[in-house]
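Predicted, not measured: the structure shown is a model, and the values here were computed from it. Throughout, protein chains are lettered first and strands after them, A, B, ... in sequence-line order, and every chain is numbered starting at 1.
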2 protein chains.
Amino acid sequence: MASQGTERVSSQQLSERLDLSAAQIRKDLAQLGELGIRGVGYDIAGLVERLTKVLRLDQGYRMVVVGMGNLGRALSAYFGFNHGAFVVVAGVDPDPEKFGLDVGGFTVRPLEDLAQIVRDEGVDLGVLAVPASAAQESYDRLVAAGVRGVLNFAPAQVQAVPQAPLKSVDLRIYLEELVFSLPEDAEPDSSSISTE
Amino acid sequence: MASQGTERVSSQQLSERLDLSAAQIRKDLAQLGELGIRGVGYDIAGLVERLTKVLRLDQGYRMVVVGMGNLGRALSAYFGFNHGAFVVVAGVDPDPEKFGLDVGGFTVRPLEDLAQIVRDEGVDLGVLAVPASAAQESYDRLVAAGVRGVLNFAPAQVQAVPQAPLKSVDLRIYLEELVFSLPEDAEPDSSSISTE
DNA sequence: AAGACTTTGTGAAGGATGTCACAAGGTACC
DNA sequence: GGTACCTTGTGACATCCTTCACAAAGTCTT
Ligand SMILES: NC(=O)c1ccc[n+]([C@@H]2O[C@H](COP(=O)([O-])OP(=O)(O)OC[C@H]3O[C@@H](n4cnc5c(N)ncnc54)[C@H](O)[C@@H]3O)[C@@H](O)[C@H]2O)c1
Ligand SMILES: NC(=O)c1ccc[n+]([C@@H]2O[C@H](COP(=O)([O-])OP(=O)(O)OC[C@H]3O[C@@H](n4cnc5c(N)ncnc54)[C@H](O)[C@@H]3O)[C@@H](O)[C@H]2O)c1
């Protein structure tokens, strides 16, 4: 809305876009102070500014990707585009064949350089795109190197320390949610069942 | 647990693994009938079987990936490994340079073949890995081709029809949640802010 | 300036969800 | 068989979250 130049928005309009009740929108926004103007609505630029600050997105976060396989490269190219507050500044991998590979504005470097990269580049966050078996070890490595948080894409249970919060993304969950939301009637064929 | 050969589990043990209260586990599982045995706990094989059925994961789902860029190829290789009930059977792209490219057990085919592929291969689900600007169009195409549900990775608001539920995954949210969970004290540098 | 109209902020009510605590049912050992 | 010990299933309670409904505060028109 802001990028389209709209100036004001009502809780009613927001509720339609976000699929929530208008009362919910107002209750939530009121938590941040009196942001709206009665009879008028909310100032979009003001909302964006306030929310950006509350969500701590008013500062830059520098990231390093660990594991430059299929997913690591895709993420680097994606986040590398500088989505808002986030920039990927480096990617590391233990596989020498990947060293020097160009992705999203930087080249892949050896895993051993991690600590140095974090220090020199002022890295804040780590992204794990390594095999599940290497997830815990990689997390520990990132923490030792000094990152302040880690986003994990490996389907593994990783033990985290409070100094470096961990957030895990398991894409399989989305597939499961999708099939659960499917209309009941005719279910698909069962030719490809496999019990892992 | 099942793959490790463990036979039984108590609500207490589950609560520790899942970070929920034991009472919560019991209340939830009791919804599916009396699955447990008092004084003993739950039979793991039985639980897996019951949950698999309830979540409709007891049947195979065949998928097609639309958009064979960085993410599409990564996802194909990932899901192509046949995670439980899911198999990627095809990938399509409008870019002729990508035709014939080999990923995760199949080759990339032209976008125009989509309808035919869905019909011939008995595809149930579609995966959107296209630019945001092409998301709606691609969703419509998938629905017209006959898929029963769509998983979308493009950061776009797509209008869905009830016959083909849509589930969207926005990875940026995870980054935002991660920085919000960071310890308050010293926030990182602000040298790389950009307002998109 | 007054009246008609909007839209926010918010107590109060209602609904949903989570926790407690214990009887019911089961095992294990003598 | 009897006793000690577990662990589930579940009402009763507590807590949290959402919706309702309206006063307060603003705009717009005349
Ligand atoms: N590909 C996807 O779409 C996708 C989606 C969700 C999750 N995942 C998960 O993400 C992870 C990576 O997936 P991928 O498809 O990119 O696999 P991949 O095999 O293509 O890449 C893994 C990379 O990690 C590197 N690596 C191996 N051991 C390492 C270690 N100890 N430290 C650092 N790097 C190491 C490898 O050299 C390789 O480059 C896996 O755990 C996978 O389950 C992948
Ligand atoms: N790369 C990531 O890690 C990542 C993560 C999350 C979300 N996404 C989103 O996923 C989408 C794809 O990302 P990407 O990095 O793979 O981009 P990409 O540019 O590498 O790939 C996009 C692909 O879509 C194809 N395409 C273009 N128009 C199309 C159309 N009308 N129909 C079908 N295919 C079409 C292109 O030929 C290209 O192969 C984007 O919307 C991106 O924002 C990417």
Side-chain angles (χ1 to χ4, degrees), chain A residues 1-56 157 162 165 167-168 170 173-174 176-178 180-181 184, chain B residues 1-56 157 162 165 167-168 170 173-174 176-178 180-181 184:
Chain A
M1 283 174 158
S3 67
Q4 277 165 25
T6 322
E7 292 205 351
R8 284 198 278 256
V9 65
S10 69
S11 57
Q12 176 67 44
Q13 291 171 287
L14 283 173
S15 77
E16 283 158 20
R17 287 222 186 197
L18 301 179
D19 205 28
L20 296 166
S21 73
Q24 188 66 70
I25 301 271
R26 292 201 298 276
K27 264 267 157 86
D28 285 2
L29 290 180
Q31 298 292 320
L32 311 177
E34 294 212 3
L35 294 180
I37 305 169
R38 300 179 181 209
V40 179
Y42 297 90
D43 175 65
I44 293 181
L47 264 194
V48 168
E49 190 187 327
R50 193 69 220 285
L51 288 173
T52 301
K53 207 163 268 166
V54 168
L55 298 173
R56 303 188 206 145
Q157 281 198 235
K167 187 131 191 81
S168 287
D170 190 340
I173 300 284
Y174 290 99
E176 298 183 358
E177 287 183 7
L178 178 63
F180 194 74
S181 75
E184 286 257 13
Chain B
M1 283 174 159
S3 67
Q4 277 165 26
T6 321
E7 291 205 353
R8 285 198 277 257
V9 66
S10 69
S11 57
Q12 177 66 46
Q13 289 171 287
L14 282 174
S15 77
E16 282 158 20
R17 287 221 185 198
L18 302 179
D19 206 28
L20 296 165
S21 72
Q24 187 65 69
I25 302 270
R26 292 202 298 277
K27 264 271 160 82
D28 285 1
L29 291 180
Q31 298 291 320
L32 311 176
E34 293 211 3
L35 293 180
I37 306 171
R38 299 180 181 208
V40 179
Y42 298 89
D43 174 65
I44 293 181
L47 264 193
V48 169
E49 190 187 325
R50 193 67 219 288
L51 288 173
T52 302
K53 207 162 267 165
V54 168
L55 297 174
R56 299 188 210 147
Q157 280 198 238
K167 188 133 191 80
S168 287
D170 190 339
I173 300 283
Y174 290 99
E176 298 183 358
E177 287 183 7
L178 178 63
F180 193 74
S181 75
E184 287 257 15

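- For Lys27(B) and dT17(C), a side-chain-to-base donor-acceptor distance below 3.5 Å is absent, hydrogens and geometry of angles not being considered.
- Mapping Gly39(B) and Arg8(B) onto DNA chain C via the closest heavy atom, the residue that lands nearer the 5' end is Gly39(B).
- Here the side chain of Gln4(A) pairs no donor or acceptor atom with the backbone of Met1(A) at under 3.5 angstrom.
- The side chain of Val40(B) lies closest to dT27(C), out of dT27(C), dC20(D), dT19(C).
- Heavy atoms of other residues, nucleotides or ligands lying less than 6.0 angstrom from CD of Glu177(A) number more than 12.
- A distance-only check finds no donor-acceptor pair linking the side chain of Gln31(A) to the backbone of Asp28(A) [under 3.5 Å].
- A donor-acceptor pair is defined here as one N or O able to donate and one able to accept, closer than 3.5 Å; such a pair exists between the side chain of Arg50(B) and the backbone of Leu32(B).
- Gln12(A) places its CD atom 14 Å from the C1' atom of dC20(D), with the value rounded to the nearest Å.
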Next item on the list: Let me see the working for Leu47(A) and Leu35(A) under side-chain contact (heavy atoms from CB on, under 4.5 Å), right down to the final yes or no.
Entry: CA-CA 7 Å; Leu47(A) 264 194; Leu35(A) 294 180; 3.6 Å; yes
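- Counting to the nearest Å, the C1' atom of dC16(D) and the CD atom of Gln24(B) are 13 Å from each other.
- Backbone-only contact: Leu35(A) has heavy atoms under 4.0 Å from sugar-phosphate atoms and none from a base.
- Atoms CD1 (Ile25(A)) and P (dG9(C)) sit 12 Å apart, rounded to a whole Å.
- Separating the CD atom of Gln31(B) from the P atom of dA16(C) is a distance of 14 Å, rounded to the nearest angstrom.
- One atom, CD of Glu16(B), and another, P of dT7(D), lie 11 Å apart when rounded to the nearest Å.
- No donor-acceptor contact under 3.5 Å links the side chain of Arg38(B) to the base of dG9(D).
- Distance Glu34(B) CD to dG25(C) C1': 9 Å, rounded to the nearest Å.
- The side chain of Ser10(B) sits closest to dT8(D) out of dT8(D), dT10(D), dG9(C).
- For dT19(C), one of the phosphate oxygens OP1 or OP2 lies less than 4.0 angstrom from a side-chain nitrogen or oxygen of Ser21(B).
- The listed nucleotides are dT19(D), dG26(C), dT8(C); the one nearest the side chain of Arg26(A) is dT8(C).
- Summarising the geometry, the separation between OH on Tyr42(A) and P on dT7(C) is reported as 12 Å, rounded to the nearest angstrom.
- One atom, CG of Asp28(A), and another, C1' of dC16(D), lie 14 Å apart when rounded to the nearest Å.
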